[in-house]
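Input: a single structure, listed below in structure tokens.
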Amino acid sequence: MFNKIHRFIVADILKNRIVLVYTLLLAVLAWSVFSLEDDSHKGVLTLLNIVLLTTPLVSIIFTTIYLYNSAEFIELLLSQPIRRARIWTGLFFGLFFSLALAFIIGAGVPILLFVTGAKATILLVMGILITAVFVALGFLCAIISRDKARGIGIAILLWLFFSLLFDGLVLFLLFQLSDYPIEKAMVGVSALNPIDLARIFIILQLDVSAMLGYTGAIFKDFFGTGLGTAIGFGLLCIWVIVPYLISLRMFVRKDL
Amino acid sequence: MIEIQHLSKRFGKFQVLRDVSLSCAPGQCIALIGPNGCGKTTLIKSILGMVLPTSGSILFKGKVIAKDFHYRHHIGYMPQKGRYPDNMTIGQVIEMIKDIRGSKEKLDEQLIDEFGLHDILEKRMRTLSGGTTQKVSASLAFLFNPDVLILDEPTAGLDPLAAEILKEKIISEHQKGKLVFITSHLLSELDDLVTHVVMMQEGEIRFHMPTDALKASTNTSSLAKAITHLLKQDHVQ
């Protein structure tokens, strides 16, 4: 008895206006960035910054709101003969697939057309992984609080933290501890932020890591190797799996 | 068929259900009544496995339902307030529930026919009025020929014609020997439907008795009068 809740969720979300606008926005930005820059290198860097700002924001907020709006629908699903875990998994894949598809259509197509080689693949894979991470975080936000406003508030704070505050904290630490050899520790610290992980991955692909200074060299030493890449990739996957599993555990035990 | 044993549930400080025990047999049509916040919905949700009890257990056909989900094949549930994903069509919603149920038995599409949903299968859920959404919920509850029907305020929001269709359907299913649970505040509506009344108050069951016995004991002719009579008695005491 295999059911495909996610298929119906995808069908629902792909007709959602916000997702359509998000796709269109990514497409407009990506096309204009590549048309304005002759050097696809610079184009990738510009696009990288746009993607790392918008994709997490849309993924986490949309997921959280969608889950809150589906409360009654989830109740109806719960009254059906189906395991709770399956409902949650169906919702997760439904949201992830549709937002990833929006990214692929919006940003992926121009990337594949204008960028060549491994860079294009890495950029695409990172975009999809970041989508997955922030969908998973959205699931966590929606299950933590019964109150919709608070849940969305947490989602916005998480996004703010990972895209702005975290870097500020790191800079602060760098200045405070500049007398100590903390370059190696920086590699560890970067694992605490999925957006930074994705950014490092792509920057290393572009051979502009020299811009990161001495720390950049350490990053290259670490993430540039096969093992480092695997670890970085694994870390991003952990960023998807752990928040999702925590939310799943809470959902299975929750009174709805 | 459904056996509730010493069920208690507390949400934080609130004791919503206190040691509720209830036994329901097939062929009964039970009205679950009581003031707002008396634990009706929590009781229903416990039977459906949405709320996990603090203590006590529920048996469905002799089996404990905790951590099981197969028993829900035999339950049709109509929520008080249905809300569906905005951009799904009626057809997709029905298709999806069919997919989840994976039921091989013949489907009961009578309500879909009588509510005229066939003609608007392409409509998106967002565009539907509250009443039409209720019609979809009702159709889904009866679609799989379940042995037990749990209807939470089924006629609220339906137009008189649709409400009548639904009532007829409830009566005919009940006559087939199914167990029906109805919660409603419209006592006059329940009169020709129910065989038993369960009255809840502050998380406890005040009484559970056949409608006839209730009317006889209060010397009244209708359910509404009987209940008002009892409530007034309370007041005097």
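If you're wondering where the values come from, they're calculated on a predicted model, not measured in any experiment. All chains are named by letter (A, B, ...) in the order of the sequence lines, taking the proteins before the strands, and each is independently numbered beginning at 1.
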If you count heavy-atom pairs under 4.5 Å with chain A, which of M125(B), H74(B), E95(B) comes out on top?
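Counting heavy-atom pairs under 4.5 Å, the top option is E95(B).
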
Between R72(B), H70(B), K45(B), K9(B), the one whose heavy-atom pairs under 4.5 Å with chain A are most numerous:
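Result: the option with the highest number of such pairs is R72(B).
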
Non-hydrogen side-chain atoms of K167(B) and E189(B) separated by less than 4.5 Å
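Yes, close enough: below the 4.5 Å cut-off.
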
Counting only heavy atoms closer than 4.5 Å, note whether [X] contacts chain A via side chain, backbone, both or neither.
| X | answer |
| --- | --- |
| P85(B) | both |
| K67(B) | neither |
| L140(B) | side chain |
| K81(B) | both |
| F11(B) | side chain |

In terms of side-chain heavy atoms, does Q80(A) have a donor or acceptor partner in R101(B) at a distance below 3.5 Å?
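Side chains of Q80(A) and R101(B): pair found under 3.5 Å.
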
Just give me the residue among S79(A), S70(A), A11(A), A71(A) that pairs up with chain B most often, heavy atom to heavy atom, under 4.5 Å.
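So the answer, after comparing S79(A), S70(A), A11(A), A71(A), is S79(A).
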
Between chain B and each of K15(A), E72(A), E75(A), R84(A), count heavy-atom pairs under 4.5 Å; write down the option with the most.
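Ranked by heavy-atom pairs under 4.5 Å with chain B, first place is K15(A).
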
Could you pull out the closest heavy-atom pair between L59(B) and Q5(B), with the gap in Å?
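Answer, listing the atom of L59(B) first, then Q5(B): CD1-OE1, 3.5 Å.
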
What's the shortest heavy-atom distance between A163(B) and T155(B), and which atoms?
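Closest pair (atom of A163(B), atom of T155(B), distance): CB-CG2, 4.0 Å.
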
Ionic contact status for K61(B) with D147(B), cut-off 4.0 Å
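K61(B) and D147(B): salt-bridged.
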
Between R146(A) and D255(A), is the closest basic N to carboxylate O distance under 4.0 Å?
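No.
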
Per-residue contact mode, I74(A) against chain B (heavy atom under 4.5 angstrom):
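No part of I74(A) comes within 4.5 Å of chain B.
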
Students often mix this up, so state it plainly: with edges at 30° and 60°, are the rings of F92(A) and Y244(A) parallel, tilted or perpendicular?
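Tilted, since the angle between the ring planes falls between 30° and 60°.
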
